[in-house]
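The chain is numbered in sequence order, starting from 1. Fair warning: this is a prediction, and the values are worked out from it, not measured in the lab.
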Amino acid sequence: MPTTDKPVLDLTARCACGRIELRLAGQVRAMFLCACRDCQTATGTGHSAAVAMATGDVTVTGQPASFDVTAASGATTARSFCPTCGTPILARSSRAPDLVLVPAGLLGDTDAWYVPNQLIFARSHLSWDEVSAALPRHDTYRTS
Ligand SMILES: [Zn+2]
Ligand SMILES: [Zn+2]
């Protein structure tokens, strides 16, 4: 079993067409699933699987396009994607400006270390999208 410690990454990933390269070097800050409507729309699936990294630990090579979405919470999310193949590259939220959210699926074989610890925005989670019943769920963000 993978441990629940936050892994230290040193890896390079590419979008589906290869024009955008993403380098992650540093310790993962958080790993979670998000079932908000914006993530469902942007990913085409039931939830996003996010890896949160410090902004300085992520380097993008190439020219992603981006757009802003205002979330129900009032926060603004800027989503970057490859303008050629459409692969989501990363997202930034005004709620956590020092973090970058990277889609786990972009990072290749993450089985050894990707251990999401919560499902956020469970209020819009869809029943056909199966998620481990053991995963803590929060209606919106985890209340601290
Ligand atoms: Zn691409
Ligand atoms: Zn979301």
Side-chain angles (χ1 to χ4, degrees), residues 2-126 128-132 135-144:
T3 74
T4 54
D5 292 341
K6 302 279 190 304
V8 176
L9 302 182
D10 182 8
L11 62 84
T12 301
R14 282 188 175 75
C15 65
C17 77
R19 286 177 169 82
I20 309 272
E21 188 177 277
L22 196 64
R23 173 150 179 75
L24 276 57
Q27 186 165 29
V28 169
R29 300 304 174 90
M31 296 179 272
F32 59 90
L33 307 183
C34 181
C36 79
R37 296 291 184 210
D38 291 337
C39 283
Q40 291 171 348
T41 302
T43 63
T45 61
H47 63 264
S48 63
V51 178
M53 301 287 294
T55 302
D57 291 343
V58 177
T59 308
V60 178
T61 306
Q63 300 283 326
S66 74
F67 61 98
D68 291 345
V69 175
T70 302
S73 65
T76 301
T77 304
R79 293 179 180 271
S80 297
F81 61 97
C82 173
T84 301
C85 68
T87 301
I89 302 295
L90 54 80
R92 297 173 203 270
S93 172
S94 61
R95 202 171 166 273
D98 52 334
L99 295 180
V100 173
L101 302 174
V102 178
L106 188 58
L107 305 178
D109 184 356
T110 55
D111 253 358
W113 60 265
Y114 186 68
V115 187
N117 68 353
Q118 56 178 319
L119 172 72
I120 64 172
F121 285 88
R123 67 182 181 186
S124 49
H125 184 244
L126 299 162
W128 53 259
D129 180 45
E130 288 199 27
V131 169
S132 167
L135 197 66
R137 296 173 185 226
H138 305 284
D139 268 358
T140 57
Y141 295 107
R142 176 166 53 187
T143 48
S144 44

Could you go step by step and tell me if L107 and L24 meet the side chain to side chain contact (heavy atoms under 4.5 Å, CB included) rule? CA-CA 9 Å; L107 305 178; L24 276 57; 3.9 Å; yes
Would you list the atom pairs, donor with acceptor, under 3.5 Å between side chains in residues 86-102 and any protein atom, with sequence neighbours excluded?
unit_1, atom_1, unit_2, atom_2, d
T87, OG1, A16, N, 3.2
S93, OG, R95, N, 3.0
S94, OG, T76, N, 2.8

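- Partners of T12 according to the side chain to side chain donor-acceptor pair (under 3.5 Å) rule, which considers only residues two or more places apart in sequence or in another chain, are R23.
- Of all the heavy atoms in T110 and A104, the pair that sits closest is CG2-O, 3.7 Å.
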For side chain to side chain contact (heavy atoms under 4.5 Å, CB included), just list the numbers for R142 and N117, CA-CA rounded to whole Å, side-chain angles, deciding distance to a tenth of an Å, and then say yes or no. CA-CA 11 Å; R142 176 166 53 187; N117 68 353; 4.3 Å; yes
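- The line from CG of L22 to CE of M53 is 9.0 Å long, rounded to the nearest 0.5 Å.
- Interatomic distance, OH of Y141 versus CZ of F121, reported as 4.0 Å (0.5 Å rounding).
- Every side-chain contact (heavy atoms from CB on, under 4.5 Å) that V131 has, sequence neighbours left out, goes to L33, H47, H125, D129, L135, R137.
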Verdict with supporting geometry, V8 and W113, side chain to side chain contact (heavy atoms under 4.5 Å, CB included): CA-CA 9 Å; V8 176; W113 60 265; over 6 Å; no
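- The backbone N or O of A35 sits less than 3.5 Å from a side-chain atom of S124, completing a donor-acceptor pair.
- Here the closest non-hydrogen pair linking P83 and P64 is CD-CA, 4.1 Å.
- Between T77 and D68 the shortest side-chain heavy-atom distance does not fall below 4.5 Å.
- Checked against side chain to side chain donor-acceptor pair (under 3.5 Å), T59 has no partners two or more places apart in sequence or in another chain.
- In this structure, OG in S48 is found 9.0 Å from CG in L119, a value given to the nearest 0.5 Å.
- Not one N or O on the side chain of Y114 forms a donor-acceptor pair closer than 3.5 Å with the backbone of G105.
- Separating the CD1 atom in I20 from the SG atom in C85 is a distance of 7.5 Å, to the nearest 0.5 Å.
- Annotation: side-chain contact (heavy atoms from CB on, under 4.5 Å) contacts of T45 (sequence neighbours excluded): T43.
- Note on residues 27-40: pairs passing side-chain hydrogen bond (donor to acceptor under 3.5 Å, both in side chains), not counting sequence neighbours, are R37-Q40.
- Contacts of F32 classified as ring-ring contact (aromatic ring centres under 6.0 Å, His included), with partners at least two apart in sequence or in another chain: none.
- Contacts of T61 classified as side-chain contact (heavy atoms from CB on, under 4.5 Å), with partners at least two apart in sequence or in another chain: E21.
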